[in-house]
Amino acid sequence: MNEHATATVSWSPVTTRRGEVVRWSQTIIPTLREAPAEATTPSHQLLLRAGYIRQVASGVYDYLPLAWRSLRKIEQIIREEMNAAGGSEMLMPAMVPMELFAETGRADDYGNDLFQFTDRHGRATALGPTHEEVITDFLRHAVTSYRQLPLTLYQIQSKFRDEPRPRAGLLRGREFIMKDAYSFHLAVEGAGGLDETYDRMYQAYCNVFGRCGLDFTVVEAESGPIGGSASHEFMVNCPTGEDTIFRCPESGYAANIEKCEIGEREWSFDATATGADSGTDSGAGVTPAMLPLTKVHTPNMPGIEGVAEYLGVTAVGMLKTLVFQPAPGADSGETEWVLAAVRGDHDVNEGKIRDAIGFKVVLADEKLAKSAGFAIGYVSPRAADTVPNCLLVIDPDAAQGDRVWATGSDEPDHHVTGFNWQRDMAQSLSECEQNGAFVSYVKVADIRNAQFGDPSPRAAGATLVIQRGLETGHIFKLGSKYSEAMGFVVMDADQKRQPVIMGCYGIGVSRTMAACVEMSHDESGMIWPAAIAPFHVEIVLMKPNDAEHAALAEQLAEELAKAGLDVLLDDRKERPGVKFKDADLIGMPLRLTIGQKALDAGGVEFKARSDEGKGEVVPVAAITEHCLATLAQP
RNA sequence: CAGGGUGUAGCUCAGCUUGGUAGAGCACCUGCUUUGGGAGCAGGAUGUCGCAGGUUCGAAUCCUGUCACCCUGACCA
């Protein structure tokens, strides 16, 4: 077993990382010629085929040796950047008593997404999906003075969420590896404040994903159920990504679909106005001439597409009106109902409604809405005139008065054509047009999801473009949501008790690995960036039985390891074709082939995975230098 | 949770309509040959046909139930 000698490391107080040498015959890399039928996304298929992961249950996977090496490298990069940003690593338990989630109300928010069980004593316990409560519980006992702040703590750990539908392998699992960091401050602004750490984390995240060799975009995001005031998502760019992101090519503004603002759009309820068309409106299906309001029988057609076809118009020529209610606990004053009117081809954005009217809304309960007088499925903006305590919010693209619209008739199974804002709702709208502000019960505001080609909110004349991405990182400004709920207060310099201000920062570690495969592969297999590849170099030994060849392979591996590179030595007694196919599949950045051909030519064959062709012969003495130089290239 | 699909050898799948006691390719084991892009020949091993009930002389096949997994949606890091 002397060949193991290359794996021994001489300990030194000064660490110059020595690479590792692993022989294929002594580990397990179970490659598959064909992808198992259950895998449909590229990263899932390749991770399975290349012997990185195996499924244990839906959304639950073994990380095999190759995957684990890559994951550890990603983790190490994260550690270095978190530490550099002032974070301290710790480890919290995966098991969390339900009492902690009850304190913040997240037991209900998470609901069935929380894995729960009861221990033998009947204590309700959850597997942690994230650890705000646990860390807040720890710190409310350990930190009592503002002098101990600011503080940033993080951990890298398996998280558990009982996803309604796990899918795409590691991209959406029920158990996954995540780095979660939490920061604590006395204030939002100023030295030691949340903003300072948030900005530092933002930079650290850019460093992490940059060092991992990923092509990514940072987008503004809604903070979601976790709560808080500001948020950015880090998205790995790839065409198969499940998230849609919008970007303004002029200003660099980028946001996800929930958050993306839309630039100024002209609107007017005036029937005689000219040029009211905004640049976003193709004008298809609209009729400038005034037509009479006509009721049309449209039985069993609550859907926009069906009705539009039946009425002989397009969705662009229709008004879609949805009925919302103030969310439970929302401070809505007198308002009981919120009507949102958008163009038929647009989607209402609840977050934007909230921002426009000042309180959160949820889609109305159908039974309640019907008993209040709404003909659900056939509602028009005019319902705001008849139902009391009803607020009407209109998207600018729908607030066009120089044309007629098809819309609901406010009675079941009927729509109307020829609806015109000014003629048919003049009274309600008269004041609204003055300034667009909250006059009486009508308001015009951006309340829809952005679309390709919408005006940019940050650069006049520019339009938004669409990209696909995979979310691998997310940072939030939490504020005092958790500290207030859990009584984490600290004495400030004025001897007043202040709830602590928090931020939280997550990276999906296992998802980052999958996203990398998703982003970087070809028809033959994976193509790893050097920084997170399981090994830097794979040595393909063509004739493992030839003592001279084998000795050269060992010598090269040793040299490369000394230079700090990790080496996988394919010493299997397999045919060349099998080894080459496998090498392409598992995707190490560099491949060295030791065979008679190249030896006769005075060297070994060198090939970068990302290059086409069969590679070049490099003299043995120059190999290490050549590898290091190639890996150093961006 | 709604809709759809699939469970047969390690993997990909055929067989099911029309019931008669299980197959192919690849992988695996042995031997020989071969050795630069998933080899050839010869031989060999491999299954509670997801599970449970029912119908039948007889069930992979028909019926009922159930479980698992995948896809689309809702939801979501």
Side-chain angles (χ1 to χ4, degrees), chain A residues 28 30-41 44-45 48-49 51 54-61 109-114 128-130 158-180 221-226 231-236 241-243 256-258 363 469-476 504-515 524-525 540-546 549 570 572-585 591-601 604-605 607 613-615 617:
Chain A
I28 181 154
T31 58
L32 262 21
R33 189 187 291 236
E34 291 162 291
E38 68 261 20
T40 52
T41 31
H44 191 194
Q45 291 180 330
L48 246 18
R49 275 193 62 206
R54 277 297 117 99
Q55 184 172 61
V56 176
S58 181
V60 180
Y61 293 85
D109 290 352
Y110 262 105
N112 288 332
D113 283 3
L114 212 51
T130 167
S158 287
K159 298 284 193 242
F160 303 85
R161 292 185 197 175
D162 196 354
E163 284 290 332
R165 185 152 88 83
R167 73 184 103 173
L170 260 32
L171 288 177
R172 181 164 304 280
R174 297 192 297 164
E175 174 174 342
F176 53 97
I177 302 172
M178 183 168 160
K179 185 281 309 184
D180 49 325
E222 278 283 320
S223 48
I226 209 159
S231 173
H232 287 87
E233 287 175 351
F234 292 74
M235 317 280 285
V236 170
E242 57 181 1
D243 294 311
N256 67 13
I257 194 161
E258 286 79 31
L363 203 57
L470 283 164
E471 182 185 353
T472 51
H474 201 157
I475 59 179
F476 307 83
C504 89
Y505 319 89
I507 293 179
V509 178
S510 44
R511 176 183 261 203
T512 296
M513 179 175 73
S524 300
V540 177
L541 186 51
M542 302 294 288
K543 291 186 173 178
N545 291 328
D546 183 314
H549 292 196
D570 189 352
R572 292 127 89 211
K573 294 175 176 46
E574 284 288 352
R575 300 178 58 79
V578 174
K579 294 190 172 193
F580 288 135
K581 288 284 185 193
D582 276 346
D584 288 346
L585 224 204
R591 190 186 81 193
L592 299 177
T593 307
I594 298 181
Q596 201 58 53
K597 263 189 192 171
L599 285 175
D600 290 344
V604 301
E605 185 185 293
K607 180 181 175 300
K614 298 225 165 188
V617 175

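Chain identifiers are assigned alphabetically (A, B, ...) following the order of the sequence lines, protein sequences preceding nucleic acid strands; residue numbering begins at 1 within each chain. A quick note: this is a predicted structure, and the numbers were derived from the prediction, not measured.
For A/Asn112, the CG atom sits in a loose shell: 12 or fewer heavy atoms of surrounding residues, nucleotides or ligands are nearer than 6.0 Å.
Each of B/rG36, B/rC11, B/rC13 was ranked by its minimum atom distance to the side chain of A/Glu34; first place goes to B/rC11. Distances were taken from every side-chain heavy atom of A/Asp582 (C-beta onward) to each of B/rG36, B/rG38, B/rC75; the shortest belongs to B/rG38. Distances were taken from every side-chain heavy atom of A/Lys543 (C-beta onward) to each of B/rC71, B/rG36, B/rU35; the shortest belongs to B/rU35. The side chain of A/Glu38 has B/rU12 as its nearest neighbour among B/rG38, B/rG36, B/rU12. Side-chain proximity of A/Val578 to the nucleotides B/rC69, B/rG36, B/rG38 is greatest for B/rG38.
When every heavy atom of A/Arg511 is checked against every heavy atom of A/Glu242, the shortest pair comes out as NH2-OE2, 3.4 Å.
Taking only distance into account, the side chain of A/Arg591 meets the base of B/rG37 through a donor-acceptor pair shorter than 3.5 Å.
Taking for each of A/Ala57 and A/Glu175 the nucleotide of RNA chain B with the nearest heavy atom, the 5'-most of the two is the partner of A/Ala57. When each of A/Pro36 and A/Lys614 is assigned the nucleotide of RNA chain B bearing its nearest heavy atom, the one mapping closer to the 5' terminus is A/Pro36.
In a base pair of the Watson-Crick type (N1 to N3 plus N6-O4 or O6-N4) or a G-U wobble (N1-O2 and O6-N3), with each distance short of 3.5 Å, B/rU48 is matched with no nucleotide. Base pairing annotation: B/rG53 forms a Watson-Crick or G-U wobble pair with B/rC63, both donor-acceptor distances under 3.5 Å. Partner assigned to B/rU72 is B/rA2, using Watson-Crick or G-U wobble distances below 3.5 angstrom. Here B/rC41 sits opposite B/rG31 as a Watson-Crick or G-U wobble pair (both hydrogen-bonding atom distances under 3.5 Å). When both distances must be under 3.5 Å, the Watson-Crick or G-U wobble mate of B/rC16 does not exist. Pair assignment for B/rA9 gives none, since no Watson-Crick or G-U wobble pairing has each distance under 3.5 Å.
At the phosphate of B/rC76, neither OP1 nor OP2 sits under 4.0 Å from any side-chain N or O atom of A/Arg165. For B/rC70, the OP1/OP2 oxygens have no side-chain nitrogen or oxygen of A/Arg167 closer than 4.0 Å. Listed pair A/Ser58 / B/rC70 meets the phosphate criterion, a side-chain N or O lying under 4.0 Å from OP1 or OP2. Note on A/Gln55: a side-chain N or O is less than 4.0 Å away from OP1 or OP2 of B/rC70. In this model, the phosphate group of B/rA39 is approached by a side-chain N or O of A/Arg575 to a distance below 4.0 Å at OP1 or OP2.
Look at the C1' atom in both B/rG53 and B/rC69: the space between them is 23 Å, to the nearest Å. B/rG50 and B/rC16 have their P atoms separated by 15 Å, with the value rounded to a whole Å. Using atom P as the reference point in both B/rA22 and B/rU18, the two lie 23 Å apart (nearest Å). Going from the C1' atom of B/rC49 to that of B/rA68 covers 16 Å, rounded to whole Å.
Annotation: side chain of A/Asp180 is not in contact with side chain of A/Cys504 (no heavy-atom distance under 4.5 Å).
Exactly one residue among A/Arg575, A/Arg591, A/Glu574 makes a side chain to side chain contact (heavy atoms under 4.5 Å, CB included) with A/Phe580. That residue is A/Arg591.
Within 4.0 Å of A/Ala37, counting heavy atoms only, lie sugar-phosphate atoms of the nucleic acid but no base atom. Across all strands, A/Gly173 comes closer than 4.0 Å to base atoms (heavy-atom distances). In this structure, A/Arg54 reaches neither bases nor backbone, as no heavy-atom distance under 4.0 Å exists between it and the strands shown. Using a 4.0 Å heavy-atom criterion, one finds that A/Gly595 contacts the bases of the nucleic acid, with or without backbone contacts as well.
Here CG of A/Leu48 is found 12.0 Å from OG1 of A/Thr31. Values are rounded to the nearest 0.5 Å.
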